[in-house]
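In what follows, chains are A, B, ... by sequence order, proteins preceding strands, each numbered from 1.
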Number of protein chains: 2
Amino acid sequence: MIVTVTLNAALDVTYEVEALIPHGSHRVTGVPHRRAGGKGVNVARVLAALGRPALVTGFAGGPTGRAIRDDLRAAGLADALVPVADDSRRTLTVVSRRDGDATVFNEPGATVSTAEWDGFVDRFPRLVQDAHVVVLSGSLPPGLPSDAYADLIRASHQAGAATVLDTSGSALLDALSAGPDVVKPNAAELLEATGRQDVARAAADLRTHGAKAVVVSQGPEGLLAVTRTGSWHAVPPERLSGNPTGAGDACVAALAAGLADGLTWEAVLREAVALSAAAVPCPLAGDFDARLHHRFRTHVALEKIHAAHTY
Amino acid sequence: MIVTVTLNAALDVTYEVEALIPHGSHRVTGVPHRRAGGKGVNVARVLAALGRPALVTGFAGGPTGRAIRDDLRAAGLADALVPVADDSRRTLTVVSRRDGDATVFNEPGATVSTAEWDGFVDRFPRLVQDAHVVVLSGSLPPGLPSDAYADLIRASHQAGAATVLDTSGSALLDALSAGPDVVKPNAAELLEATGRQDVARAAADLRTHGAKAVVVSQGPEGLLAVTRTGSWHAVPPERLSGNPTGAGDACVAALAAGLADGLTWEAVLREAVALSAAAVPCPLAGDFDARLHHRFRTHVALEKIHAAHTY
């Protein structure tokens, strides 16, 4: 069983307008699209579509938290979100009908009190007791210590689960000492967190600080994986453009499923690239194109990298 | 007692961002500001600040409806909103810190079913049984007939209450046959609804179709009132710029209070202009500057217009 943790779960709202005019007044056409979001929720959505139901946990509070939970139920996703007093956040994407372009607004999120966080940490071992893999995704909400993920990674390992971490900044750096099995930053997040100019060097840094494997998503250029048993560059069969958030979350879903099944790194990476590429054309993170996924699976180019190039 | 009706009540949300960049990704700084809104709610807020509590009715549904009701309670406003199955709307104002400019997004609103509307109409006579004045404000939510306000105006008059109507388009035109005591369009709404080029002629049209008095808000130029007993132009003491929504709702609050107290038109109009002008500098509709209000009350210029100019 896979558990996905989304400490900063969100209600993802999409407004369609004729055209975005700064300082204008806009009629939102039709009913705004709303669905439960946050990276871990998107990962669970991808896993469910692959026939592999996951348990969704993290925090949800207030009216927005209720809307998130209602949507999880409607989507058939198992909801183990923990209540907080503060209202959960929304992300808003304003899509212009005229040019299809999207403008995004991210609320900071519900503040989690020390008592609420302590309660979550206490409850967490029971939530992951049957998990083979625990996925920890996204930013930390206001109020949490920057090493929050380290606590959850340690508890997951104690329960016998492997861990996949997809976050950035200090939330990423301060989790490494707990030894996450896979960390999946994108290239920009990796360079920003490490202060490096070179992706391979930066990935090696994360391993030095405790990550067992680092899988860097590089958009249309695919994935760079640096692991104990080797390093690979995995390249998608076509250059696609579209939704980078959805592609990253699909990648994490594939990594988690591969870890749960004990696949080889080669098999995991082929699937991660194929699933990411199949998610790119979908406007909503958590969706992927099943036909593209099927077609891409056998067409990922995998290049083993010589040890000297991966430090 | 004054009852304010807001059939399309909203949760007014304000996002502060560093600068609005079309097609960019924005971090919303701080906690988004949220409060119950919709024109009738704003009118009730102004009345409450004048020491004259009003009863707020209309529709509220879903998580957003609950947030609206929670905020009414927090503000000490009497909540007689009627539940609907659909989720209430939000309005979103994105304020840029860099230039202070606002970009507005209006959701269309909760759809009201025929059964829900019939239930509201059935319940309405009890809601207004003790009312001296009923204020009907704002757009109609999806699902309502365009003559919805006519039904409520007739029921209000049967209960012995006077009525003030502030709406636009067909919702305004199709309410006139019920004989509202005062209608308060702004100049643009009035010209758009009547197809006229001239405000005084357009106001006379509305009276021809059933409105007993028409008070047109003309922004910094003040109010034009066309009534059975005379016509006036009421001009604020200073040219102020700021929030036109807030000014309109404050004007309606003054009209309702004046009707409830049986004031002369001259007294009502002075107060309406003073209160509107005191609301203009406030960024949130429903607020006004009490010191400015006090200062302006004695400085409104009132000009009686010769009958020949008001048709």
Enquirer: Does anything in residues 68-79 of chain A reach chain B? List residues with heavy atoms under 4.5 Å apart, or say none.
Expert: none

Enquirer: If the contact rule is any heavy atom under 4.5 Å from chain A, which residues of residues 56-67 of chain B qualify, in numerical order?
Expert: Pro63(B), Thr64(B), Arg66(B), Ala67(B)

Enquirer: Is there side-chain contact between Asn106(A) and His26(B), with at least one heavy-atom pair below 4.5 Å?
Expert: no

Enquirer: Rounded at 0.5 Å granularity, tell me how far CZ in Arg90(B) sits from CG in Leu92(A).
Expert: 9.5 Å

Enquirer: Given a strict heavy-atom distance threshold of 4.5 Å, which part of Val94(B) is in contact with chain A: side chain, backbone, both, or neither?
Expert: side chain

Enquirer: Measure distances from Pro32(B) to the heavy atoms of chain A and classify the residue's part below 4.5 Å as side chain, backbone, both or neither.
Expert: side chain

Enquirer: ring-ring contact (aromatic ring centres under 6.0 Å, His included) with Phe288(A): which residues, sequence neighbours excluded?
Expert: His293(A)

Enquirer: For Ala285(A), what residues pass the side-chain contact (heavy atoms from CB on, under 4.5 Å) criterion, not counting sequence neighbours?
Expert: Asn42(A), Asn243(A), Thr245(A), Asp249(A)

Enquirer: So, applying side-chain contact (heavy atoms from CB on, under 4.5 Å) with Pro22(A), which one of Asp99(B), Ile21(B), Leu20(B), Asp101(B) is it?
Expert: Leu20(B)

Enquirer: Contact part of Tyr15(B) toward chain A, heavy-atom cut-off under 4.5 Å: side chain, backbone, both or neither?
Expert: side chain

Enquirer: Tell me, do Val28(A) and Pro108(B) make a side-chain contact under 4.5 Å, heavy atoms counted?
Expert: yes

Enquirer: Report the C-alpha distance between Arg34(B) and Asp87(A) in whole Å, list the side-chain angles of each, state the deciding distance to 0.1 Å, and finish with yes or no for side chain to side chain contact (heavy atoms under 4.5 Å, CB included).
Expert: CA-CA 11 Å; Arg34(B) 298 184 182 90; Asp87(A) 195 34; 3.5 Å; yes

